[in-house]
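Remarks on the structure that follows.
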Protein chains: 2
Amino acid sequence: MRIDRERATQVTVRDQPAKEHRRTRQRAAVDEVLDETEDFISAQELHALLRTRGAGVGLATVYRTLQTLADDGRVDVLRSDAGEAVYRRCVREEHHHHLVCRSCGATVEIAGPTVERWAKSVADQHGYTDVSHTLEIFGTCPRCAA
Amino acid sequence: MRIDRERATQVTVRDQPAKEHRRTRQRAAVDEVLDETEDFISAQELHALLRTRGAGVGLATVYRTLQTLADDGRVDVLRSDAGEAVYRRCVREEHHHHLVCRSCGATVEIAGPTVERWAKSVADQHGYTDVSHTLEIFGTCPRCAA
DNA sequence: TCAAGACTGACAACCATTGTCAAAACAGCC
DNA sequence: GGCTGTTTTGACAATGGTTGTCAGTCTTGA
Ligand SMILES: [Zn+2]
Ligand SMILES: [Zn+2]
Ligand SMILES: [Zn+2]
Ligand SMILES: [Zn+2]
């Protein structure tokens with residue numbers, strides 16, 4: 001089994017800061033949607049959205065763009081219940097995790113030294129090196145619980 | 001977006017203990033493989049393995065069986081890099097997480113009140129209820145690092 | 001302006017997973 | 001053992017997200 005290092009929310013190791021990419025209309029369009037969107041969105045949803053706006057972008061291009069953004073650490077990725085990859089432009093640049101509402105998708109970015117330390121120490125105890133981790137918390141947000 | 005509550009490693013709420021299922025040759029075969037297998041294995045891999053052993057089981061049946069086991073909390077599930085679901089029979093019955101070697105797949109089950117408390121408190125702080133979480137740690141195990 | 005190379009998009013291909021449904025297997029009962 | 005209602009199975013089709021293809025287009029830097 002091979003674990004996905006790129007797509008999972010994890011400790012981002014930014015060795016090569018960010019390879020330059022060309023600025024194109026399509027990438028700008030995807031970027032814009034991501035900026036406006038609070039919740040995680042799938043490639044398919046983003047593609048459909050762009051379509052309705054007139055600024056159509058090829059589906060393959062949407063996928064490629066999101067992949068590039070994820071590789072560069074500019075968006076976070078996690079998987080919906082259907083195994084579909086969903087993307088989100090995040091406020092924090094640094095490593096963080098998410099507290100997501102199961103019902104409406106409302107997301108809070110969370111971070112803290114507690115878990116980071118814990119994860120590190122657990123890995124150390126077992127002699128594991130080059131460590132990363134994935135962590136997401138799900139629940140019902142106050143609004144949906146009301 | 002809808003988050004998967006069933007397939008992700010999380011706080012298992014075992015309300016209805018375990019609905020009875022019929023014992024069949026196919027389920028026994030799947031069970032046996034899971035018992036022998038240390039690492040996470042995908043439905044496809046398991047199916048192929050059963051095939052080579054002669055004790056063939058339909059692919060759909062393998063999927064259904066693994067799904068049932070996962071629903072009953074008898075196997076843990078996470079996703080490989082390809083987004084493929086991978087399964088593992090775990091030693092601990094209670095809630096736990098995994099420390100997985102990215103290279104060879106060697107897995108250590110981990111658990112601790114620290115993260116559980118932290119996750120709970122974070123959720124509480126933001127008013128989220130009915131909380132669950134997913135957490136996996138990846139790294140290079142001592143053997144592979146050597 | 002111009003060439004080199006990156007980017008795009010329509011479409012096909014891929015592949016894990018799920019749906020279908022008649023045939024077979026199971027469990028409990030006589 | 002047989003009977004019977006129910007569950008389970010499996011071959012196959014269908015679904016659906018994602019990636020591959022590749023000729024044509026666009027960016028960029030000189
Ligand atoms: Zn984020
Ligand atoms: Zn972290
Ligand atoms: Zn486990
Ligand atoms: Zn936990």
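Chain naming here is simple, since letters A, B, ... match the order of the sequence lines and numbering starts at 1 in each. This is a predicted model, so every value here is computed, not measured.
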When clusters are formed by joining ILVMFWY residues with side-chain heavy atoms under 4.5 Å apart, either directly or through shared neighbours, do Leu49(A) and Leu66(A) land in the same one? yes
Separation of dA11(D) atom P from Leu59(B) atom CG, nearest Å, is 10 Å
dC26(C) P sits how many Å from Glu20(B) CD, rounded? 16 Å
Which nucleotide in the set dT18(D), dA4(C), dT17(C) lies at the smallest distance from any side-chain heavy atom of Arg22(A)? dA4(C)
Output yes when at least one side-chain N/O atom of Gln26(A) is less than 4.0 Å from OP1 or OP2 of dC7(C), else no. no
Which sits closer to the 5' end of DNA chain D, Gly58(B) or Arg23(A), going by the nucleotide each is nearest to? Gly58(B)
Distance, rounded to the nearest Å, where Ile41(A) contributes CD1 and dG17(D) contributes C1': 15 Å
Can you measure Leu66(A) atom CG to dT18(D) atom C1' for me and round it to whole angstrom units? 12 Å
Separation of dT19(D) P from Asp71(A) CG (nearest whole Å): 10 Å
Should Leu34(A) and Leu69(A) count as side-chain neighbours, where that means a heavy-atom distance under 4.5 Å? yes
Integer-rounded Å distance: dG17(D) P and Asp81(A) CG: 11 Å
From the set dT17(C), dT18(D), dG10(D), return the single nucleotide nearest to any side-chain atom of Tyr63(A). dT18(D)
Does dT18(D) have OP1 or OP2 under 4.0 Å away from a side-chain N or O of Gln67(A)? no
Grab the NE2-C1' distance between His21(A) and dG5(C) for me, whole Å please. 15 Å
Candidate nucleotides dG10(D), dA16(C), dC11(C), ranked by approach to the side chain of Ala60(A) - the nearest: dC11(C)
Between the side-chain atoms of Arg64(B) and the base atoms of dG10(D), is any donor-acceptor pair under 3.5 Å? yes
Which is more 5' along DNA chain C, the nucleotide nearest Arg27(A) or the one nearest Arg51(A)? Just name the residue. Arg27(A)
If I take atom NE2 in residue His47(B) and atom P in nucleotide dG10(D), what distance separates them, rounded to the nearest angstrom? 9 Å
Under 4.0 Å, counting only non-hydrogen atoms across every strand here, what does Thr24(A) touch: a base, just sugar-phosphate, or nothing? sugar-phosphate
Donor-acceptor under 3.5 Å (Arg102(A) side chain, Asp130(B) main chain): yes
Under 3.5 Å: donor-acceptor pair, side chain of His97(A), backbone of Thr134(A): no
Does any non-hydrogen side-chain atom of Thr65(B) lie less than 4.5 Å from one of Tyr87(B)? no
